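Below: the structure, in structure tokens.
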Amino acid sequence: MCEDDHGHEYGRDHGHDHRQERTGMGRRAVFVTGAAAALTLGSVSFASAAPREQRTRTVRGTLPPGSPDFVYVPVEVPRGVREIHVAYTYDRPAVPAGTQGNALDIGLFDERGTELGGRGFRGWSGGARTEFSVRADAATPGYVPGPVRPGTWHIALGPYTVAPQGLSYEITVTLTYGEQDEAPRPVYPPERAAGRGRAWYRGDCHLHSEYSDGRYTLAEIAQLARAAGLDFINSSEHNTHSAHAHWAGLAGDDLLILLGEEVTTRNGHVVALGTEPGTFVDWRYRARDNRFGRFARQIRRAGGLVVPAHPHATCIGCNWKFGFGEADAVEVWNGAYTPDDEVALADWDGMLVASVRDGGRDWIPAMGSSDSHRSPDVIGRPQTVVLADDLTREAIQDGIRAGRSYVAESSQLSLSFTASGGRGEHAGIGERLRVADDTPVTVRLEVTGAPRCTVRLVTDQGVLFTGDPLPVSGEGVVEWRTTASYAAYVRAEIRHETAAGPVPGALAAFTNPVFLGR
């Protein structure tokens with residue numbers, strides 16, 4: 001499922017006034033700014049204090065419609081601070097039907113600054129929390145523990161949507177003074193589990209917990225993943241890597257846990273799949289800023305895959321606007337199958353057709369994930385089933401990158417899809433059957449776990465074969481004959497029955513293609 005998580009940012013302002021009032025300091029300040037990609041308000045200052053003392057400051061302000069995507073509130077942190085605690089509220093006035101109301105995200109950067117892609121990031125909770133704390137030995141989920149050093153910290157506000165009346169907010173910052181505890185050394189899950197050698201492994205690569213806007217705990221996700229028959233999952237919290245150091249005790253020989261992030265921009269979301277532990281990928285840019293390529297390359301340098309998520313989702317900022325030139329795979333099926341997934345599937349098929357012009361060398365594999373946030377979201381619906389040499393991070397990524405995978409609605413559904421020529425030539429999902437254009441080719445699909453579902457075979461010409469519904473047992477074999485001149489590729493769809501009319505039923509499974517020809 002894709003939802004408005006309120007965890008996105010960037011942009012430009014066009015000459016609006018931004019007013020901020022500060023209390024607890026005996027004075028009021030108004031700041032007027034001009035055009036800026038990100039707005040910085042007047043700073044909040046604290047004096048030194050004795051150990052165990054607390055000092056509190058409150059900031060109030062109003063953001064008008066058209067505000068920049070990021071508004072930064074500097075906080076001057078003196079020496080001797082043990083913990084920073086931030087709480088905030090904002091107004092939610094009634095708005096006319098069809099008009100967006102107020103939604104304000106929040107995060108934190110430390111004294112190292114707010115530079116794009118810099119080292120200052122200390123956490124992000126979007127609109128999921130009204131308060132958070134950071135100290136050396138612990139932090140609220142979504143935030144990163146570590147030393148509280150003196151200097152200028154920044155509270156990052158993200159006005160996701162602003163009502164016509166404007167968005168009035170109040171931020172309360174509390175510093176607790178005293179000696180800091182030692183920062184914990186992070187421990188990460190292993191990059192290998194006990195696999196079955198070269199085999200088909202099932203995974204869900206898009207999941208959310210309490211470390212961003214989900215309600216599942218990490219332990220619940222691990223438990224539900226095992227119950228769903230999954231072999232691997234990928235941690236993908238919105239705009240934060242803070243969960244990475246909390247997964248180690250939940251992995252095991254039966255479950256490989258990859259680490260990543262859902263990079264949640266205002267022009268679409270991208271899953272960083274299987275990056276090095278502790279990798280943070282910035283999200284504060286739009287397509288017009290021409291910065292996505294830089295961060296896509298960062299994902300790959302960190303050993304991850306770049307996977308645009310739910311590219312045709314309808315929530316604000318969720319629709320993918322960056323193009324697919326940097327994509328290693330694309331998430332075509334996201335959660336319960338809906339019309340925007342059908343559009344994504346058709347769009348991906350169009351990309352396959354375009355790739356035929358260069359011999360299919362640059363085609364982008366498809367995958368599916370649950371995007372689960374909370375019950376009743378079903379972890380593992382759908383799941384990507386990957387042919388990999390072993391159950392390791394590298395092997396799973398190799399399988400996804402090569403397109404040796406299919407997507408199924410549950411672990412109950414399995415399939416085998418191959419193409420063979422007349423002289424023993426053979427190719428499977430994601431591979432190429434190298435035969436002459438006029439060589440007869442036999443395409444064979446074996447299915448289990450799909451009762452009353454219908455098989456469709458799709459080529460660069462469209463749907464060229466539709467079978468009868470499978471029996472109640474859910475098992476069946478379909479064979480179809482073609483040539484490379486007639487079909488440049490073949491992929492399979494297994495669909496549920498539809499009530500009436502020509503509209504196809506919801507997907508139960510689909511494969512990446514087998515390409516035909518030299």
Side-chain angles (χ1 to χ4, degrees), residues 1-2 188-193 195 201-214 216-226 228-248 250-252 254-264 269-281 296 298-300 302-310 327-335 365-373 377-386 388 390-401 405 407-408 411:
M1 60 173 290
C2 170
Y188 301 112
E191 296 187 3
R192 174 182 297 272
Y201 296 100
R202 296 176 178 269
D204 190 344
C205 294
H206 188 166
L207 299 160
H208 296 283
S209 76
E210 61 185 353
Y211 281 82
S212 58
D213 65 335
Y216 289 125
T217 66
L218 301 188
E220 288 171 335
I221 289 177
Q223 178 185 8
L224 291 168
R226 288 179 165 99
L230 301 182
D231 300 295
F232 66 94
I233 58 175
N234 179 67
S235 176
S236 57
E237 308 294 356
H238 292 284
N239 296 343
T240 180
H241 61 296
S242 62
H244 287 193
H246 300 275
W247 279 108
L250 300 171
D254 62 333
L255 185 65
L256 174 68
I257 299 178
L258 308 178
L259 303 177
E261 178 186 335
E262 184 175 7
V263 183
T264 306
H269 304 184
V270 61
V271 172
L273 197 167
T275 53
E276 295 288 342
T279 298
F280 164 67
V281 184
Q298 179 199 351
I299 292 170
R300 279 194 281 271
L305 301 183
V306 177
V307 184
H310 45 67
D328 295 304
V330 57
E331 185 188 77
V332 166
W333 184 353
N334 176 277
M367 58 188 302
S369 296
S370 71
D371 199 0
S372 291
H373 284 70
D377 298 351
V378 179
I379 289 175
R381 186 186 70 177
Q383 53 195 249
T384 301
V385 191
V386 183
D390 209 344
L391 189 52
T392 67
R393 183 182 80 155
E394 184 177 2
I396 292 296
Q397 290 175 317
D398 286 346
I400 292 172
R401 189 185 296 108
S405 62
V407 180
S411 60

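Since the structure is predicted, the reported quantities are computational estimates derived from the model, not experimental observations.
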**Prompt:** If you measure from CD1 on I396 to CZ on R202, what distance do you get to the nearest 0.5 Å?
**Reply:** 12.0 Å
**Prompt:** Could you give the distance from CG (L218) to OH (Y211), rounded to the nearest 0.5 Å?
**Reply:** 5.5 Å
**Any donor-acceptor N/O pair, S236 side chain to E262 backbone, under 3.5 Å** = no
**Asked** Would you say the side-chain atoms of Q397 pair up with the backbone N or O of G274, donor to acceptor, closer than 3.5 Å?
**Response** yes
**Request:** Could you walk me through whether R192 and R393 pass the side-chain contact (heavy atoms from CB on, under 4.5 Å) test, one step at a time?
**Result:** CA-CA 7 Å; R192 174 182 297 272; R393 183 182 80 155; over 6 Å; no
**Request:** Nearest 0.5 Å please: distance from the CG atom of L256 over to the CG atom of D231.
**Result:** 9.0 Å
**Prompt:** With no hydrogens and no angle check, is any side-chain donor or acceptor of S209 less than 3.5 Å from a backbone partner on T217?
**Reply:** no
**Message:** Tell me if a side-chain donor or acceptor on D204 pairs with a main-chain N or O of S369 at a distance below 3.5 Å.
**Reply:** no
**Asked** Of H206, R381, H269, which meets side-chain hydrogen bond (donor to acceptor under 3.5 Å, both in side chains) against D371?
**Response** H206
**Asked** What is the distance from atom CD of Q383 to atom OG of S405, rounded to the nearest 0.5 Å?
**Response** 12.0 Å
**Polar side-chain atom of H310 near backbone of V332 as donor-acceptor pair, under 3.5 Å** = no
**Message:** Evaluate V378 against S370 for side-chain contact (heavy atoms from CB on, under 4.5 Å), listing each step before the verdict.
**Reply:** CA-CA 7 Å; V378 179; S370 71; over 6 Å; no
**Message:** For Y201, give me all partners under ring pair (Phe, Tyr, Trp, His ring centres under 6.0 Å), at least two apart in sequence or on another chain.
**Reply:** none
**Partner set under side chain to side chain contact (heavy atoms under 4.5 Å, CB included) for T275, not counting sequence neighbours** = H244, A272, T279, I299, A302
**Request:** Spell out, as yes or no, whether a donor-acceptor pair under 3.5 Å connects the side chain of E191 to the backbone of E394.
**Result:** no
